[in-house]
Every structure is written in structure tokens, then in C-alpha cells.
K.L.:
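The structure under discussion is supplied below as C-alpha cells; questions concerning it will follow.
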Amino acid sequence: MSSIQSPRGGSGNNDKLLSRVALLNSHLSTCPSPPPPPPPSPLPTTTTTMASEKEAALAAAATPSDAPTIFDKIIKKEIPSTIVYEDDKVLAFRDINPQAPTHILIIPKVKDGLTGLSKAEERHCEILGYLLYTAKLVAKQEGLDDGFRIVINDGPKGCQSVYHIHVHLLGGRQMTWPAG
Ligand code: AMP
């Protein structure tokens, strides 16, 4: 190893310099590790929303699926909702957590075991068709003349959170594909 040369020369200075370097090295080797990087910034709102929807869907799937739901209270007018269409068979009201400028839910007033589309039986054909026809009427009423989207979520993987079949009518913005 080459010795460090003092600008003024002389072995005394050289020794002092070497001992200072050794001291500095020993100090550096005992320095705590650099602080960990700051935690990542919060997730974008859309991702957070997606996560909470998924959590809601998983939580809902854990409860008995034929139990009364919040939609029964809306049908009985026990809780407020913004109803946009109603007849003796169906009710259409604005989603409390809209995913588009127009977001309406269309539900049958009588569930008749139709907690979700996967539970459909032949006797449900008429009400299923009526739900879709009502969606078309409401889309017209809402002025969605350039198009709209119909969604029926089913089961935990389909992100269903309310086990009373319902058709989502979404419109008022450009939709993208594939759906998330
Ligand atoms: P899904 O996740 O397909 O089961 O849809 C259930 C929908 O019901 C969600 O979009 C919720 O925002 C909506 N929702 C839940 N409670 C209410 C309520 N009290 N009024 C209006 N919409 C609601």
C-alpha cells in the first residue's frame, strides 16, 4: 500500500494523517444505514375505490345471500333514494356511489330468489327481460341517446355487493373496454 504524502513531508505528519483516516473509516463503518425510502404515495383514488368495491363484494358474499338487503328498504321507502322510474314491477333509482354522470340501478320489486343473475330460473325470464326493457326506457328518459352501458355484477368475482339482482345503467361519458 502506498503511503499518503503530506504536503509538507515528514513522517510525523504522515502518521497523524493516517490515524485520522483510520478514525474516519471506523466512524463511517459504524454509521447507521441510510433511512429507508419514504413510503410510496397513496394509491390513486380509482384504485382505492376499486379495492373498497372488491372488499364490499367479498364481505357481502360472506353473508346469507337471500337475506333482505338495503334495496328492500329502498323499495319500502324506509330509506331515501332518488327514484327516477317506478311501476308495479320495478324500481329505478340513482346509485349512491355513481361511476358515471348517469348511474342508475334498476331492480325488481319482488326478488323471488333472484339474488343474482346466476340464480335465474326459467320463471324469471319475464322479469329479466322487463329489467332490460326498463333500462332502455330510463336511458331514453335520461337523454343517453349516444349510448350507454348495462352491467350486471354477479358473485364475489363479479364484484356484486348487494344480493338483490340489479341492472346498472351507466352513461354520460365515454366508456372504455375491456371493463375492469
Ligand atoms: P353491485 O356492486 O353490483 O352489487 O352494486 C350495488 C350498488 O348499489 C353499488 O353501486 C352501490 O353504490 C349501490 N348502493 C348501495 N347502497 C345504495 C343506496 N342506499 N342507494 C343507492 N345505491 C346504493
Side-chain angles (χ1 to χ4, degrees), residues 41-180:
S41 54
L43 293 169
T45 312
T46 48
T47 311
T48 308
T49 305
M50 281 165 56
S52 62
E53 280 168 6
K54 195 175 117 193
E55 280 158 17
L58 293 175
T63 61
S65 65
D66 207 13
T69 72
I70 193 143
F71 291 174
D72 291 288
K73 294 188 174 185
I74 290 175
I75 292 165
K76 291 185 202 156
K77 319 269 167 69
E78 290 173 0
I79 60 168
S81 66
T82 306
I83 294 171
V84 296
Y85 178 88
E86 179 171 15
D87 64 22
D88 57 332
K89 296 192 197 73
V90 298
L91 186 68
F93 53 95
R94 297 200 188 278
D95 196 295
I96 204 167
N97 182 22
Q99 302 301 310
T102 300
H103 187 172
I104 290 165
L105 302 174
I106 301 121
I107 65 172
K109 284 187 167 175
V110 178
K111 186 159 65 172
D112 185 25
L114 208 46
T115 52
L117 188 58
S118 57
K119 297 291 185 294
E121 294 181 10
E122 206 168 339
R123 72 175 189 279
H124 296 125
C125 286
E126 188 180 336
I127 189 65
L128 287 171
Y130 197 71
L131 286 169
L132 286 181
Y133 181 66
T134 306
K136 174 258 177 184
L137 291 181
V138 174
K140 180 85 180 155
Q141 180 181 297
E142 293 286 314
L144 302 176
D145 300 326
D146 291 338
F148 51 84
R149 178 167 290 171
I150 293 299
V151 173
I152 300 176
N153 295 324
D154 190 277
K157 287 241 165 126
C159 244
Q160 183 177 3
S161 62
V162 179
Y163 280 75
H164 180 135
I165 195 167
H166 49 281
V167 171
H168 294 258
L169 167 65
L170 297 141
R173 67 168 166 83
Q174 179 60 56
M175 300 296 159
T176 58
W177 191 258

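Numbering of ligands and ligand atoms starts at 1, following listing order.
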K.L.:
Side chain, backbone, both or neither: which part of Leu105 comes within less than 4.0 Å of ligand 1 when only heavy atoms are counted?
P.N.:
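Under 4.0 Å from ligand 1, Leu105 contributes side-chain atoms alone.
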K.L.:
Counting only heavy atoms not in Glu78, do more than 12 fall under 6.0 Å of its CD?
P.N.:
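It does: Glu78 CD has more than 12 such atoms within range.
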K.L.:
Do Leu128 and Leu117 touch side chain to side chain, with heavy atoms closer than 4.5 Å?
P.N.:
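SC-SC contact between Leu128 and Leu117 confirmed.
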K.L.:
Between ligand 1 and Val162, is the shortest N or O to N or O distance under 3.5 Å?
P.N.:
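Yes; the residue has a nitrogen or oxygen that sits under 3.5 Å from a nitrogen or oxygen of the ligand.
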K.L.:
Any N or O of Cys159 that comes nearer than 3.5 Å to an N or O of ligand 1?
P.N.:
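Yes, there is a polar N/O contact under 3.5 Å.
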K.L.:
Pick from Val110, Ile70, Val90, Leu91: which one makes a side chain to side chain contact (heavy atoms under 4.5 Å, CB included) with Ile75?
P.N.:
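Option passing the side chain to side chain contact (heavy atoms under 4.5 Å, CB included) with Ile75: Leu91.
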K.L.:
Please report whether ligand 1 has a polar contact with Gln160, defined as an N or O pair separated by less than 3.5 Å (distance criterion only).
P.N.:
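In fact, backbone or side chain, Gln160 has no N or O that close.
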K.L.:
Using a 4.0 Å heavy-atom cut-off, say whether Tyr163 meets ligand 1 through its side chain, its backbone, both or neither.
P.N.:
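For Tyr163, there is no contact with ligand 1 at all, from either part.
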K.L.:
Among all the protein's non-hydrogen atoms, which is closest to atom 13 (C) of ligand 1, and how far away is it?
P.N.:
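For this ligand atom, the closest protein heavy atom is Asp95 OD2, 3.4 Å.
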K.L.:
Numbering the atoms of ligand 1 from 1, which are under 4.0 Å from a heavy atom of Asn153?
P.N.:
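Those of ligand 1 that fall under 4.0 Å from Asn153 are 1 (P), 2 (O), 3 (O).
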K.L.:
Do His166 and His164 have their ring centres less than 6.0 Å from each other?
P.N.:
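Centroid separation for His166 and His164: 6.0 Å or greater.
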K.L.:
Can you tell whether the side chains of Arg123 and Asp112 come within less than 4.0 Å, N to carboxylate O?
P.N.:
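Yes, charged N to carboxylate O under 4.0 Å.
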K.L.:
Sort out for me which residue in Thr69, Ile127, Ile165 forms a side chain to side chain contact (heavy atoms under 4.5 Å, CB included) with Lys111.
P.N.:
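Between Lys111 and the candidates, side chain to side chain contact (heavy atoms under 4.5 Å, CB included) is satisfied uniquely by Thr69.
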K.L.:
Under 4.0 Å from a heavy atom of Asn97: give me the atoms of ligand 1 that qualify, with their elements.
P.N.:
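In order of number, 12 (O).
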K.L.:
Name the option, out of Ile79, Ile96, Leu170, that contains the heavy atom nearest to atom 22 (N) of ligand 1.
P.N.:
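Nearest option to atom 22 (N) of ligand 1, by heavy atoms: Ile96.
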K.L.:
List every atom of ligand 1 that sits less than 4.0 Å from any heavy atom of Phe71, numbering the atoms from 1 in the order shown and giving each element.
P.N.:
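Counting from 1, the qualifying ligand atoms are 8 (O).
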K.L.:
In the protein, which heavy atom is nearest to atom 5 (O) of ligand 1, and how far is it?
P.N.:
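For atom 5 (O) of ligand 1, the nearest protein heavy atom is His166 NE2, 2.9 Å.
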K.L.:
I need the Thr134 OG1 to Leu169 CG distance, nearest 0.5 Å.
P.N.:
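The distance works out to 11.0 Å.
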K.L.:
If we ignore hydrogens and angles and just use 3.5 Å, is the side chain of Arg149 paired with the main-chain N or O of Thr176 as donor and acceptor?
P.N.:
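Yes.
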K.L.:
Could you check atom 4 (O) of ligand 1 against the protein and tell me its nearest heavy-atom contact, residue, atom and distance included?
P.N.:
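Result: Ser161 N, 2.6 Å.
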K.L.:
Measure from the side-chain N and O atoms of Lys109 to the backbone N and O of Asp87, and report whether any donor-acceptor pair falls under 3.5 Å.
P.N.:
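Here the side-chain-to-backbone pair exists.
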K.L.:
Does Gln99 approach ligand 1 within less than 4.0 angstrom via side chain, backbone, both or neither, non-hydrogen atoms only?
P.N.:
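It is neither; nothing of Gln99 touches ligand 1.
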K.L.:
Does ligand 1 come near enough to Ile74 that some N or O of the ligand is less than 3.5 Å from an N or O of the residue?
P.N.:
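Not met; the criterion fails.
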K.L.:
Only heavy atoms of Arg94, strictly under 4.0 Å: list the atoms of ligand 1 that pass.
P.N.:
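Answer for ligand 1: 21 (C).
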K.L.:
Based purely on interatomic distance, does His168 place a nitrogen or oxygen under 3.5 Å from a nitrogen or oxygen of ligand 1?
P.N.:
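His168 vs ligand 1: N/O contact under 3.5 Å present.
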K.L.:
Donor-acceptor pair, distance only, cut-off 3.5 Å: does the side chain of His124 make one with the backbone of Glu121?
P.N.:
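Checked: pair present.
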